[in-house]
Amino acid sequence: MDYQFTEVEKKWQEYWRQNKVYKVDIDSGKPKYYVLDMFPYPSGAGLHVGHPLGYIASDIVARYKRLKGFNVLHPMGYDAYGLPAEQYAIQTGTHPMITTDKNIARYREQLDKIGFSYDWDREVKTCDPAYYKWTQWTFIQLFHSWYNRDTERAEPIEKLIAIFETEGNANVNAASGDINHFSAEQWLQMTEKQRQQYLMPYRLAYIDDTIVNWCPALGTVLANDEVSEGLSIRGGYPVERKSMKQWLLRITAYADRLLDGLETIDWSDSIKEIQRNWIGKSVGGTLRFAIRDTELEIEVFTTRPDTVFGASFMVLAPEHEVVGQITAEAQLAEVEEYIRRTKNRSERERMTEVKKVSGVFTGAYAFNPFTEQPIPIWIADYVLMGYGTGAIMAVPAHDSRDFAFARYFQLPIIQVITQKDEEPTDTAFWETSYDAKEGIAVNSGFINGMDVMDAISAVVTEAEKKGIGTAKINYRLRDAIFSRQRYWGEPFPVYYKDGMPYTLSENELPLELPAIDAFLPTETGEPPLARAENWKTKEGYPLETNTMPGFAGSSGYYLRYMDPQNNHQYFSKEAVHYWKNVDLYIGGAEHATGHLIYARFWNMFLYDLGLAIKPEPFKKLINQGMIQGRSNLVYRINPEKMAEYVLWEELRDKKLGVEFFQEFKSGSRRFDFYAPEVRLIIEIKRQQALDKLATAYEQWAKEQDYTLLLIPIRDFLDQREQIVQRIKDAIAGKEVEAFVEKESIENFPAFVSKNIAGREQYSDPINVDISLVHNDILDIEAFKKWQPHLADARFVLEDGKYICGYEVEKMSKSKFNVQNPDELIDRYGADTLRIYEMFLGPIEQSKPWDTQGIEGVFRFIRKLWRLFHNDQHTFSLSDETPTDKEWRVLHKTIRKVEDDIERYSFNTAVSAFMIGVNELTELKCNKRQILEPFIILISPYAPHIAEELWHLCGHEDTVVKQTFPVCDERYLIQQSVVYPVSFNGKTRFKIELPADIETNEIESAVLAHQETKRWTEGKQVRKIIVIPQRIINIVVG
RNA sequence: GCCCGGAUGGCGGAAUAGGUAGACGCGCUGGUCUCAAAAACCAGUGAGGUAAAACUCGUGCCGGUUCGAUCCCGGCUCCGGGCACCA
C-alpha cells in the first residue's frame, strides 16, 4: 500500500488532541519561547490558502523550538468583534454572537485539519465576557492614569490629585489637553463636577469634542478612508463633518517611546518606517509674531527657525481663531467667501487637491520678530488647523509650498540659505525653492555664516531669551478615537453622573453586552446600546452607550494567552515573569499602523503599571506576503468575429486565386469581404438576421450587378468545406445561390482553446472556477455542469484538450479563484499542503497560488515514505552501521535545515529535505541510524507522516517531544575539493585536489595541469588567486 | 512629490561571507515498464552556436570599483507597498 495520508493524518490529530501533546505550562527548568500568530477575524467565508501561510511558518518554528528544548507557548484565538457579523445582524436580525460562533467552529475545523500544534486550552475570544472583562479593566486603568512627562510614564490619577491639593497644577508637567492654571486653594474650593472637568484633560482615556465624519444614515462615525467626496463609500450616504463627544486614548503621550522602541525590536525596515511616518516627529520651535495695530500675537511652529529672516509673509488656516479679529474691512467679504468655500471640504479632500494654489489676503500685517519688518498675513487651506498651531511663517525661498504660493500671488522671496561655497542668487529666476537642511545662513543678521544646524539652535536660544518662542517637538500622531456607535463591541465600564463620566468598580466587571431588539441606532441617532432596557447602574445612573473599537480587544491578547483562565487578574505575575513577551510574531503587514501600534501603546501602558514586564510586546515580527489568486480563463467565442476570422484566413493572400478585401462599403451598406475582379461580395451574419435581410440584399446585389454570398455563422461549425466550395464556384462564375435557407438552430455558447490561432481576435476571456481546471486543462464535462447555460457548450480544442489561460489577481469569490485548504488536504494531505505553502518562496514575499507545483511535494512525501518501505510496501529498516556517505547526507541536512529555520528561510529548508531524500534513495539507505534522526528533522514541516514513521520505527512516545539531532562536523569534512579554475574570472575547467594541501601546492598543481596550458599559451601568468575550499583564479595577459 | 521594497530560465524560486549563476520543484521533450493508461523510474532542458564539441552571450538598463560583481558604488527604467499641503 502506498502512503495513506487521510487515515494517518486523522489518527495522529486525534492522538495529539487526546493526549494534550501541545498543552504547555510554566516550567522554570526550561527556557521559554513564545510564538504567536495574529489571531484571525472569523469571517463567514472560512480560510483560503493565504491565511494558513503564516500559521504554518509559526507552527514550524514552534515545533522546532520544542525539539530544541524550549518550553513553547503557541496559542490561538479569535478577534471576534467585527463589522461583517454586525452588518449581517442588521440585515437578518441574527445575533452577531450566533454568526460569530458558527464561523469560529468552521475556522477551528479547518485549522485542526492542517495539524497545528496550538495549545487550545488557551484559546481566547475577544467577545467572551471572561476575556473582555480585562479589556474593560484596562480601560478603567487608563481612565485613572495620567502621563507624567518628568518621569516619562503613566501614573495614578490620585497622585495628580494630591499635587493639585497641595500646589495646584502650575508645575505639573503632563501630557494633556488644553488646561488653565489653578492654585491648590482654587482646587479645594471646586465642586465635584468642576474637579472632574479639570481632571479630564489629564486622563489617558478621556472624553473630548472631536471633529468626526458622521453618517446619519448609517448611524455611525466613519474613518477618513471610508468617506469619498462627502459620501460614505459603503452605501453612498451623505457624511457630515460634525463635532461629537468621543472617548479618546492619549497615545500621543507615548509618541517618543513608541518611536524609540522601534530601535530595540527586530521588525522589517518597511514596517518600522511606516510607524515612524505615522508618528511623524518633527523637531523645531515656536515663534510668536505680533500683529500690527493690535495686542494680538500669532504663534507658529517651524522646523526651520534658521530661516526666520526669510519669512516674508504668514499664512493661517482658514479656521484659525484669530482670522475674525484681524481681517481688514476691505478684505472681509473675500475672506468670508474663502472660509465658506473651504469649510465643508474634509481634510482628505483638501489634501488630494495639493496642486491647486489658493488663498486670500486678510489685510493685516504681522512683524517678523527678527527683522522687525511688517509682513502680510494670508489665509490658505494648505495650512492645516490640525497640525502645529494652524499658522505658519512662510519662507518661500526654502519651502516648496510657500514658494509656489509666493509665485502665484507675487509675494517677495528672500534667500537666507546658500549651499556651501555658493553665492546668493536672484530668487526671481529660481524655478524651485531650496529646501535642503544643508547650507549657510545669509541675509540673516546675527546668524549670518552659521551652518543650518547651528543656526537653528541659535535662533531658538535667542527666541527664548527674548521671550518670543521656545524649542518644540511636534507629532503627526493623533490621539486614538476609542468610541464606536455600534452594538458589536465591548461596552464601556462607564456611567454618567451629573453629566460627568465615572467608571464602574472592578467587582462590577465584566459589564456584559445587553440584549437589544434591533441592531440599529435609535430614531434619535443614539447608538444601538441606547435601545437596551435598563441600561443603567444599580443606582440608576445611565451607562455609556458607545462601544469600544476593534483594536480594543486585540491590543493585549498576547498577554492574556499567558494566563487565559485567570478570573482574578488580567494575568498572573508568575505567568508574565516566565513568558515575558512574544519572541516571534507572524501576521500581515496591513496592521502596521493599526493593531501593531495600538498593541505597543497598550503594552507600554501596562508596563508603566508594572503589569507587563517588557516595554515592547513583540520582539521579532515577520509579515507574511499575500498569496494572490491564480485565475483560470476560458475564451468565449464571439461567433460572428470568429466566422469572419476563419473565412479571412481562407480568402487572404489570393489563396483562392483572386484578391479579397475586408470591409467593403457601398452607400450605407457594409459587407465583410469583396473581390473586385469577380465582383463578389461575401457577408457573414447570424441565421436569423439573414432570414430577414436575404431578399432585400439579393435584390440590391442584382441591381448593382454583384455576385452575393450570404453565409450564416452556423455553417462555420460543420460545413466549412462547403462554404469554401461555394466561394470557389462563385469565383469561377458558376451560378451560386446567394442564400440557402435552413432551419434555425438554438444559440449555444462556444469556447476556444488558448493556443488556437486567432483566438485573441474573436474571443473574450471569462473567469472559470479553478476547481474545474487541472494544470490549465479544462474538465469539459464538469464545466458543462457548472452553470445551466453551459450545458450545450461547444469547444474548439487543441490536441484534444481545452487549454485555459491564466492571470494572477486577488483571491476572490467573483474571480472563481479561491483555493480552499480543505480541498487540497483531501487530495494531497495536510503535510503536503504545509510543505507546499512553505516551498512557494520566501515567507515575506507575495506570490501567486499555483496548484501545479503541489504534485512535486506530494511525490516527495511518498518518496520519503518509500525510504522506509521495501518493494512489497512493507516497513523495513536495517540496523546496519551507515556508511560515511550516508552519515554525510544526514548531517548535511541537519546543518542546512537548522540554519534555514533559524533565519526563517522555510522554502530552502524544503529543498534541503528533497535533496536529502533524493540522495538517500539513490544510496538505497534504509538504516535506522540515519532515518530516525531524519524523521525528527522533518517533523516540524510534516508532523503527521513523521509521527506515523516514528511509531512504525517502534517508538511508543510522540515525535513532538524528541530532541533535534545535532550536526556532527566530522561527517562534513571533505577529503578532497573540486576547485573551479578560472582565467580572468571565467571558469574553464575543474580540478580535484586534496582538501588539506597548502596554497602553493595548489598553485603548482594547477599550473601543471594540462588544461592550463591551453589558456596560458602565448600569455603571461600575472597572478594566481587561491581561495581555499572555494576557487582558483589565474590572471593572464 | 517623498519614503521603503523588488526585478535572476517557459513558471515558483536558489546562490547565508564579493568566489562554479540557475540548487530544489513545476512544466516541457524523449525513453523504460504496461494491451493501454495512471503511478513510478531514467535522460535532457538559460540563449546562440555545433553532427557533437569547442566557443560566445547571459541575473531590468548604462557606467564604475575588483583578479573576480546577481551581490559593492554612481546614474536611470519598470513593478509593488506606504505616506502625502505635517510647516
Side-chain angles (χ1 to χ4, degrees), chain A residues 2 268-278 280-282 284 300-304 307 315 347-348 350-357 380-384 386-395 398-402 404-405 474-477 589-590 592-593 625-626 630 775-776 806 835-836 839-842 844-857 859-860 862-863 866 896 899-900 902-903 905 907-915 918 921 978-990 1014 1022-1027 1029-1037:
Chain A
D2 211 350
S268 74
D269 289 339
S270 79
I271 294 273
K272 285 188 185 181
E273 198 57 31
I274 290 169
Q275 293 213 344
R276 276 189 207 109
N277 288 340
W278 194 254
K281 179 177 184 172
S282 42
V300 303
F301 171 73
T302 176
T303 57
R304 296 296 300 276
T307 63
V315 187
E347 274 200 12
R348 179 159 280 250
R350 282 165 58 169
M351 288 170 194
T352 52
E353 290 173 15
V354 175
K355 297 281 136 61
K356 275 193 222 156
V357 177
D381 65 1
Y382 83 88
V383 176
L384 303 175
Y387 186 78
T389 61
I392 61 159
M393 63 174 203
V395 185
H398 304 291
D399 180 283
S400 51
R401 293 150 310 175
D402 297 345
F405 195 83
N474 237 308
Y475 298 91
R476 203 183 73 99
L477 186 71
E590 66 274 19
T593 51
M626 278 226 308
R630 185 183 188 276
N775 295 347
D776 287 342
Y806 69 90
I835 293 179
Y836 185 55
F839 190 54
L840 277 174
E844 302 202 66
Q845 206 167 297
S846 285
K847 53 234 154 189
W849 178 259
D850 182 356
T851 323
Q852 282 185 26
I854 202 170
E855 300 273 350
V857 173
R859 264 170 229 157
F860 159 74
R862 283 179 298 165
K863 206 163 171 181
R866 281 201 302 275
K896 175 77 178 147
D899 280 3
D900 285 352
E902 292 284 357
R903 64 194 175 95
S905 176
N907 55 326
T908 51
V910 174
S911 295
F913 287 129
M914 289 176 168
I915 293 168
N918 286 346
T921 304
V978 176
Y979 281 98
V981 181
S982 52
F983 293 83
N984 294 341
K986 280 183 202 279
T987 308
R988 297 301 181 181
F989 63 91
K990 283 164 195 169
R1014 205 174 131 207
R1022 299 196 183 274
K1023 202 171 173 186
I1024 303 179
I1025 293 132
V1026 176
I1027 311 293
Q1029 316 292 317
R1030 287 253 185 211
I1031 198 172
I1032 299 160
N1033 189 23
I1034 298 168
V1035 187
V1036 295

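Within every chain, numbering begins at 1; the chains are lettered A, B, ... in the order of the sequence lines, protein sequences first and strands thereafter.
As judged by a 4.0 angstrom heavy-atom cut-off over every strand, A:Lys896 is placed among the base-contacting residues. A:Pro842 comes within 4.0 angstrom of the backbone, heavy atoms only, and of no base. Residue contacts for A:Ile274: at a heavy-atom cut-off of 4.0 Å it reaches the sugar-phosphate backbone alone, with no base atom in range. Among the protein residues, A:Ile1027 comes within range of the nucleic acid bases, having at least one heavy atom under 4.0 Å from a base atom. Among the atoms of the strands shown, base atoms are found under 4.0 Å from some heavy atom of A:Lys990. Residue contacts for A:Arg862: at a heavy-atom cut-off of 4.0 Å it reaches the sugar-phosphate backbone alone, with no base atom in range. Residue-level contact check: A:Ile392 touches the bases, meaning some heavy atom is under 4.0 Å from a base atom. Nucleic acid contact for A:Asp402: none, since no nucleic acid atom lies under 4.0 Å from a heavy atom of the residue. Here A:Asn1033 lies in heavy-atom contact (under 4.0 Å) with a base.
Under the Watson-Crick and G-U wobble criteria, each requiring two contacts below 3.5 Å, nucleotide B:G9 is left unpaired. B:G22 is unpaired under the criterion used here, namely a Watson-Crick or G-U wobble arrangement in which both key atom distances are under 3.5 Å. Of the nucleotides present, B:G64 is the one that pairs with B:C72 by Watson-Crick or G-U wobble criteria, both distances under 3.5 Å. Using N1 to N3 plus N6-O4 or O6-N4 for Watson-Crick, or N1-O2 and O6-N3 for G-U wobble, each under 3.5 Å, B:G48 pairs with B:C55.
A residue-by-residue look at A:Asn907 and A:Ser911 shows that A:Asn907 has its nearest nucleotide of RNA chain B further toward the 5' end. The 5' end of RNA chain B is approached more closely, in terms of each residue's nearest nucleotide, by A:Glu855 than by the other of A:Met393 and A:Glu855.
The side chain of A:Thr908 approaches B:A15 more closely than any other nucleotide in the set B:A15, B:C83, B:G19. Comparing B:A87, B:A21, B:C41 by their closest approach to the side chain of A:Phe301 singles out B:A87. For A:Arg988, counting side-chain heavy atoms from C-beta on, the closest listed nucleotide (B:U56, B:A40, B:G13) is B:U56. Here the nucleotide nearest the side chain of A:Arg903, chosen from B:A15, B:G19, B:C24, is B:A15.
Rounded to whole Å, the distance from CZ on A:Phe860 to P on B:C41 is 13 Å. One interatomic measurement links the two molecules: CZ of A:Phe983 to P of B:U20, which rounds to 16 Å at whole-angstrom precision. The CD1 atom of A:Ile1031 sits 6 Å away from the C1' atom of B:U20 (whole-angstrom rounding). Remark: P of B:G6 and NZ of A:Lys847 are 15 Å apart, rounded to the nearest angstrom. Atoms CZ (A:Arg859) and C1' (B:G25) sit 9 Å apart, rounded to a whole Å. The CZ-P distance, from A:Arg401 to B:C86, rounds to 4 Å in whole Å. The separation between A:Gln845 atom CD and B:A7 atom P is 7 Å, rounded to whole Å. One can place CZ of A:Arg304 at 14 Å from P of B:C86, the figure rounded to the nearest angstrom.
Within a 6.0 Å radius of CZ in A:Arg903, more than 12 heavy atoms belonging to other residues, nucleotides or ligands are found.
For the residue pair A:Asn918/A:Lys863, the side-chain donor-acceptor check at 3.5 Å is satisfied.
A:Gly390 approaches A:Val383 most closely through the heavy-atom pair O-CG1, 3.5 Å.
Glycosidic conformation of B:G9 is syn; the angle stays within 90° of 0.
Taking the six-membered ring where the residue is Trp, A:Phe983 and A:Phe989 present tilted rings, their angle falling between 30° and 60°. The aromatic rings of A:Phe405 and A:Tyr382 lie tilted to each other, with the angle between the two planes from 30° to 60°.
A:Ser905 places no side-chain N or O within 3.5 Å of a backbone atom of A:Asp900 that could act as its donor or acceptor partner.
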